[in-house]
Amino acid sequence: MTQHVSPPRDGTGKAAPVDGPPPAWRTLTARADVRTISLLGVLAVLVLIGGITQPDAFLDTRNLQLVLTQASVIGVVTVGVTFVIMSGGIDLSVGAIVALASVWATTVATQEYGFLGILFTAVVVGVGCGLVNGVLIAYGAMVPFIATLAMLASARGLALQITDGQTQVVTVSSVLDLGERDSYVLGIPPLVLVFAAVTVIGWLVLNRTTFGRRTVAVGGNPEAARLAGIDVRRQRLYLYLLSGLCCGIAAFLLIVLAGSGQNTNGNLYELDAIAAAIIGGTLLSGGRGTIVGSVLGVLIFTTITNIFALNNLQSDVQQIAKGAIIVAAVLVQRRTASTH
């Protein structure tokens, strides 16, 4: 005879909650918190190393402002790349798009329209390139690696053709003034404020909107997302448009920072952005990632570059250090995935 055991009850007579595994979202949140704390720890160690090796130079206010300013350009690009990777895609063309947008926005004809002309052109060129990528991948069924690689080659070639290999100097004073110390707000460069705004908006879009949830769903399981009513192709198109938009904004920031447009701008930005996203916890296979982690990844790489420069260490050692960090981050991801 089978004995039925009634569930335990609390003092009110109601069934007491039964212990079980925590919800998936709580597990992901805990893992994200641990990852963020770990990245903050790495950044703190780097700051400590910089403070010990070059205390006067590294901890100087001007140098810290420089680190944040340099991180701003690649950081804006990384926000867009993070969304693309989370959807299961990849964008190898971001550096070339930044170059093309920067040179197109600094031609003599464009500069005649002043500040708004340069900003508008940079953004439009970035979005236009993102549109081409998105259409080829979402509706042309091209592999993201191939489509964005083709865009990389085409955008670099077009940028070289526009400049004829020459540097295009910016003469619009309202653009150049943004890079001067007089334009700093409470000691914060305007470029850093733009980066902070893009980061906050990116975080809100990813974590507080339907667009963000759809991005994660498409990256986790495209077929399940389609069956759930998500237009996967349209979502992927929007994501590459977003990546292009971020490239356009970054191109304008680079114009302000350098005071010119060159076809060599954005060199290896695609590798830096992808690497920052990876060490920030974004899976290359898609379905998981954080904006905060990606931004911390950017700050870590920028701080490493600054420390190496202040200590007059060769760039090849710097690249080896970055490569080791990327490998370590991927190994940690694989170990984490295998234990959950």
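Numbers here simply count residues along the sequence, with the first being 1.
N63 places a side-chain N or O within donor-acceptor distance of the main-chain N or O of F58, the cut-off being under 3.5 Å. S72 places a side-chain N or O within 3.5 Å of a backbone atom of L68 that can act as its donor or acceptor partner. Judged by distance alone, the side chain of T148 and the main-chain N or O of L92 form a donor-acceptor pair under 3.5 Å. Without hydrogens or angle criteria, T110 side chain to W104 main chain gives a donor-acceptor distance under 3.5 Å. Not a single donor-acceptor pair under 3.5 Å links the side chain of S260 to the backbone N or O of V169. Side-chain N or O atoms of Q168 include none that pairs as donor or acceptor with a backbone N or O of G261 at under 3.5 Å.
Contacts of T209 classified as side chain to side chain donor-acceptor pair (under 3.5 Å), with partners at least two apart in sequence or in another chain: none. Qualifying side-chain contact (heavy atoms from CB on, under 4.5 Å) partners for N265, counting only residues two or more places apart in sequence or in other chains: A99, S102, L254, Q262. Not counting sequence neighbours, E112 has no partner by the side chain to side chain donor-acceptor pair (under 3.5 Å) test. By the side-chain contact (heavy atoms from CB on, under 4.5 Å) test, A217 is found to be paired with A225, I230, residues two or more places apart in sequence or in another chain being considered. Considering only residues two or more places apart in sequence or on other chains, L40 meets the side-chain contact (heavy atoms from CB on, under 4.5 Å) condition with T36, L296. Partners of R226 by side-chain contact (heavy atoms from CB on, under 4.5 Å), not counting sequence neighbours, listed by chain and number: E223, V232.
Considering only heavy atoms from C-beta on, R62 stays 4.5 Å or farther from L66 through its side chain. By the 4.5 Å heavy-atom criterion applied to side chains, L241 and L245 are not counted as neighbours. When side chains are defined from C-beta on, T53 does not count as touching L310, because their heavy atoms never get closer than 4.5 Å. Using a 4.5 Å cut-off on side-chain heavy atoms (C-beta onward), R288 and V216 make no contact.
The two residues I90 and V84 have their closest heavy-atom pair at N-CG1, 3.6 Å. The two residues V218 and R236 come nearest to each other via the heavy atoms CG1-NE, 3.9 Å. Of all heavy-atom pairs spanning C247 and V98, the tightest one is O-CG2, 3.8 Å. Smallest separation of non-hydrogen atoms from V175 and I118: CG2-CD1, 3.9 Å. Shortest non-hydrogen contact noted between E270 and V94 is CA-CG2, 3.4 Å. Of all the heavy atoms in L178 and L191, the pair that sits closest is O-CD1, 4.4 Å.
I52 belongs to a hydrophobic cluster whose other members, connected by ILVMFWY side-chain contacts under 4.5 Å either directly or through intermediates, are L48.
When the side chains of ILVMFWY residues are joined at heavy-atom separations under 4.5 Å, either directly or via intervening members, L271 and L149 end up in two distinct hydrophobic clusters. At a threshold of 4.5 Å between side-chain heavy atoms, the hydrophobic network of Ile, Leu, Val, Met, Phe, Trp and Tyr places F308 and L268 in two separate groups. Linking Ile, Leu, Val, Met, Phe, Trp and Tyr residues whenever their side-chain heavy atoms come within less than 4.5 Å leaves L46 and I320 in two separate clusters. Hydrophobic clustering of Ile, Leu, Val, Met, Phe, Trp and Tyr side chains at less than 4.5 Å, counting indirect connections, keeps V42 apart from L64. Using a 4.5 Å cut-off between side-chain heavy atoms of Ile, Leu, Val, Met, Phe, Trp and Tyr, with links allowed through other members, V67 and L59 fall into different hydrophobic clusters.
Inspection of the T305 and T302 side chains reveals no N or O donor paired with an N or O acceptor under 3.5 Å. Counting only N and O atoms by type, the side chains of Q235 and S87 include no donor and acceptor under 3.5 Å apart.
For the atom pair N306 CG and N311 CG, the distance stands at 9.5 Å (nearest 0.5 Å). One finds the CG atom of L43 at 5.0 Å from the OG1 atom of T303 (value rounded to the nearest 0.5 Å). Here the CD1-CG distance, from I201 to L206, works out to 13.5 Å after rounding to the nearest 0.5 Å. Taking CG of L158 as the start and CG of L100 as the end, the distance is 5.0 Å to the nearest 0.5 Å. Put simply, OG1 on T282 and CE on M86 are 6.5 Å apart, with the number rounded to the nearest 0.5 Å. Interatomic distance, CD1 of I274 versus CG of L284, reported as 7.5 Å (0.5 Å rounding).
Applying the ring-ring contact (aromatic ring centres under 6.0 Å, His included) test to pairs two or more places apart or on separate chains, none has a residue in residues 195-233. Note on residues 229-285: pairs passing ring-ring contact (aromatic ring centres under 6.0 Å, His included), not counting sequence neighbours, are F115-F252.
Considering V295, V194, L204 in turn, V295 is the only one that fulfils the side-chain contact (heavy atoms from CB on, under 4.5 Å) rule with T199.
More than 12 heavy-atom neighbours from other residues, nucleotides or ligands sit within 6.0 angstrom of CZ on R181.
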For D91 and S243, what are the C-alpha separation, side-chain angles and deciding distance, and is it a side chain to side chain donor-acceptor pair (under 3.5 Å)? CA-CA 8 Å; D91 194 346; S243 180; 2.9 Å; yes

Going through the distances and angles, do L160 and T264 end up as a side-chain contact (heavy atoms from CB on, under 4.5 Å)? CA-CA 8 Å; L160 178 60; T264 56; over 6 Å; no

Decide yes or no on side-chain contact (heavy atoms from CB on, under 4.5 Å) for L176 and E180, but give the supporting numbers first. CA-CA 7 Å; L176 298 175; E180 300 296 329; 5.6 Å; no

Check: residues 132-147 side-chain donor-acceptor pairs under 3.5 Å, at least two apart:
residue: N133; atom: ND2; partner: S93; partner atom: OG; Å: 3.0

Show me the donor-acceptor pairs within less than 3.5 Å that the side chains of residues 73-83 make with the rest of the protein, sequence neighbours left out.
residue: T78; atom: OG1; partner: I74; partner atom: O; Å: 2.7
residue: T82; atom: OG1; partner: T78; partner atom: O; Å: 2.7
residue: T82; atom: OG1; partner: S294; partner atom: OG; Å: 2.8

Side-chain polar contacts of residues 120-131 - donor-acceptor pairs under 3.5 angstrom, sequence neighbours left out - could you list them?
residue: T121; atom: OG1; partner: G117; partner atom: O; Å: 2.7

